[in-house]
> 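Sharing a structure here in structure tokens format.
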Amino acid sequence: MTDHSPLTPHYSPLTAHHKERIILGIDPGTAVMGYGLIKEIGSKIELISLGVVKMNGIDDHMLKLQRIFEKTVALIDNYKPDCMAIEAPFYGKNIQVMLKLGRAQGVAMAAALSRNVVITEYAPRKIKQSITGNGNATKEQVAAMLQNLLQFKETPDFLDATDGLAVAVCHSFQRMPTGKSGSKKSYSGWDTFVKDNTSRVAGVPKIKKS
């Protein structure tokens, strides 16, 4: 199984003449759905928004799916993202939990497809590796790295929000141009990003690889 794959025929790769794009990141869940939006401007990324969609008080699973669909469509209509990156469900032993997470992911994907938005899926380990350089990083470590990278101090109510933001940043790292001599480079993860952006990540805490 690959870490990421385009899931729509409308895919159009980032080319040299594209200077900006908005990426929506989604961390699907049936209790809380996290999301984050970033804007690429040349070789830089800026935070647009992050937050959570809560399903508190909704007992019916189908109504939760409806809320996920409606909120995802609302985010797309409001921010007009060029693409969406989504976290793949973590494979655990509880089949019922996996089934519900798979449905939540599928509904968010359907919402994006209904607006002809490009979708790319990333495995949880791939996201952590891209952001921190460590595929086994904790949610707190991912959040701390994102706060330093994107220069925001707000602490979301749920780490699901920074998880959603992490998916968007991970997607950006896969194909972000360096802006040097008109060349384009894809970053395979945090380590390669740091080499070309030392001034931007000054003060970011290093995370030991396990």
Side-chain angles (χ1 to χ4, degrees), residues 4 22-40 45-92 94 96-115 117 119-128 130-132 137-173:
H4 59 91
I22 295 175
I23 303 172
L24 168 62
I26 294 287
D27 176 30
T30 54
V32 179
M33 181 185 83
Y35 67 87
L37 288 120
I38 61 173
K39 178 187 286 187
E40 285 182 358
I45 54 176
E46 296 180 354
L47 174 65
I48 297 176
S49 179
L50 78 162
V52 295
V53 175
K54 303 177 184 178
M55 264 67 76
N56 293 353
I58 304 177
D59 296 325
D60 190 303
H61 181 61
M62 296 304 164
L63 291 179
K64 290 182 178 181
L65 296 179
Q66 181 182 27
R67 182 172 177 82
I68 292 170
F69 184 90
E70 291 175 348
K71 290 296 183 180
T72 303
V73 167
L75 286 169
I76 292 171
D77 288 347
N78 188 26
Y79 293 101
K80 303 294 190 296
D82 298 287
C83 52
M84 185 177 89
I86 191 166
E87 182 173 329
F90 179 80
Y91 289 93
N94 191 317
Q96 287 300 317
V97 171
M98 281 298 304
L99 178 61
K100 289 181 178 179
L101 284 175
R103 287 173 175 170
Q105 184 201 41
V107 166
M109 288 178 170
L113 291 171
S114 74
R115 293 294 190 265
V117 175
I119 306 169
T120 307
E121 180 184 49
Y122 292 91
R125 184 178 179 85
K126 172 69 175 179
I127 297 167
K128 294 177 181 179
S130 293
I131 302 300
T132 70
T138 65
K139 287 176 176 285
E140 290 80 7
Q141 288 173 323
V142 171
M145 194 68 79
L146 290 171
Q147 284 180 310
N148 279 278
L149 176 64
L150 295 170
Q151 298 298 302
F152 67 94
K153 297 181 179 179
E154 298 83 7
T155 302
D157 293 334
F158 296 89
L159 287 171
D160 298 271
T162 45
D163 280 351
L165 181 61
V167 190
V169 174
C170 171
H171 185 61
S172 178
F173 279 178

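All values below come from the heavy atoms of this structure, side chains included, with hydrogens, waters and symmetry mates left out. If you're wondering where the values come from, they're calculated on a predicted model, not measured in any experiment.
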> Looking at every heavy atom in both M145 and T132, which two are closest together, and how far apart are they?
CE-CA, 4.1 Å
> Are P28 and L101 side-chain neighbours, meaning at least one heavy-atom pair lies under 4.5 Å?
no
> Under the side chain to side chain contact (heavy atoms under 4.5 Å, CB included) criterion, do K100 and H61 qualify, and how do the steps go?
CA-CA 8 Å; K100 289 181 178 179; H61 181 61; 3.7 Å; yes
> Mind listing the closest non-hydrogen atom pair of G25 and V167 along with its distance?
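It is CA-CB, 4.3 Å.
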> Within a strict 4.5 Å, meaning less than it, do heavy atoms of the R103 and M62 side chains meet?
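When only atoms from C-beta onward are counted, M62 and R103 do touch, with a gap below 4.5 Å.
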> Considering residues at least two apart in sequence or located in another chain, which fulfil the side-chain contact (heavy atoms from CB on, under 4.5 Å) criterion with I58?
M55, L63, K64, R67
> Who pairs with A112 by side-chain contact (heavy atoms from CB on, under 4.5 Å), at least two apart in sequence or on another chain?
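A112 satisfies side-chain contact (heavy atoms from CB on, under 4.5 Å) with I76, M84, V117, I119 only.
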> Can you tell me how far apart NZ (K126) and CD (E87) are? Round to the nearest 0.5 Å.
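Those atoms lie 13.5 Å apart.
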> Applying the side-chain contact (heavy atoms from CB on, under 4.5 Å) criterion to Y35, which one of V53, V52, D163 satisfies it?
V53
> Could you tell me whether the side chain of S172 and the main chain of V169 form a donor-acceptor pair under 3.5 Å?
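No, S172 side chain to V169 backbone: no donor-acceptor pair under 3.5 Å.
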> Can you measure from CG (L165) to CG (L37) and round to the nearest 0.5 angstrom?
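So the gap between those two atoms works out to 8.5 Å.
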> Return the minimal non-hydrogen interatomic distance between A166 and V142, and the atom names on each side.
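Looking at all heavy atoms of both residues, the shortest contact is CB-CG1, 3.7 Å.
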> Considering all heavy atoms of both residues, which atom of S130 and which atom of C170 are nearest to each other, and what is their separation?
OG-SG, 3.5 Å
> Please tell me if the side chains of Y79 and L24 come closer than 4.5 Å, counting only heavy atoms from C-beta onward.
no
> Once rounded to the nearest 0.5 Å, what's the spacing between atom CG of D160 and atom CD1 of I26?
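Taking CG in D160 and CD1 in I26, the distance rounds to 11.5 Å.
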> Using 0.5 Å steps for rounding, measure from the CD1 atom of I22 to the CD1 atom of I38.
10.0 Å
> When you compare the side chain of I45 with that of L150, does any pair of heavy atoms fall below 4.5 Å?
yes
> Would you compute the distance between atom SG of C83 and atom CD1 of I23 and round it to the nearest 0.5 angstrom?
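It comes to 4.5 Å.
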> Going by the rule side-chain contact (heavy atoms from CB on, under 4.5 Å), which residues pair with V107 if we only count those two or more places apart in sequence or in a different chain?
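Only L65, I68, F69 meet the side-chain contact (heavy atoms from CB on, under 4.5 Å) criterion with V107.
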> Which residue pairs satisfy the salt bridge (Lys or Arg N to Asp or Glu O under 4.0 Å) criterion with at least one member in residues 68-85, sequence neighbours excluded?
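Salt bridge (Lys or Arg N to Asp or Glu O under 4.0 Å) check on residues 68-85 returns D77-R115.
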> Grab the two heavy atoms, one from Q141 and one from T138, that are nearest each other, plus how far apart they are.
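Of all heavy-atom pairs spanning Q141 and T138, the closest is OE1-N, 2.9 Å.
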> Which heavy atom in A108 sits nearest to a heavy atom in T72, and how many Å separate them?
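Minimum heavy-atom separation between A108 and T72: O-CG2, 3.8 Å.
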> What distance separates T120 OG1 from M109 CE, expressed to the nearest 0.5 Å?
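Reported value, rounded in 0.5 Å steps: 9.5 Å.
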> Does the side chain of K139 reach to within under 4.5 Å of the side chain of T162, using non-hydrogen atoms?
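Side chain of K139 against side chain of T162, heavy atoms only: no contact under 4.5 Å found.
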> Do E121 and Q105 make a side-chain contact, defined as non-hydrogen atoms from C-beta onward lying under 4.5 Å apart?
yes
> Output all residues satisfying salt bridge (charged side-chain N to carboxylate O under 4.0 Å, His left out) with D27, sequence neighbours left out; order by chain, then residue number.
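For D27, no residue satisfies salt bridge (charged side-chain N to carboxylate O under 4.0 Å, His left out) once neighbours in sequence are set aside.
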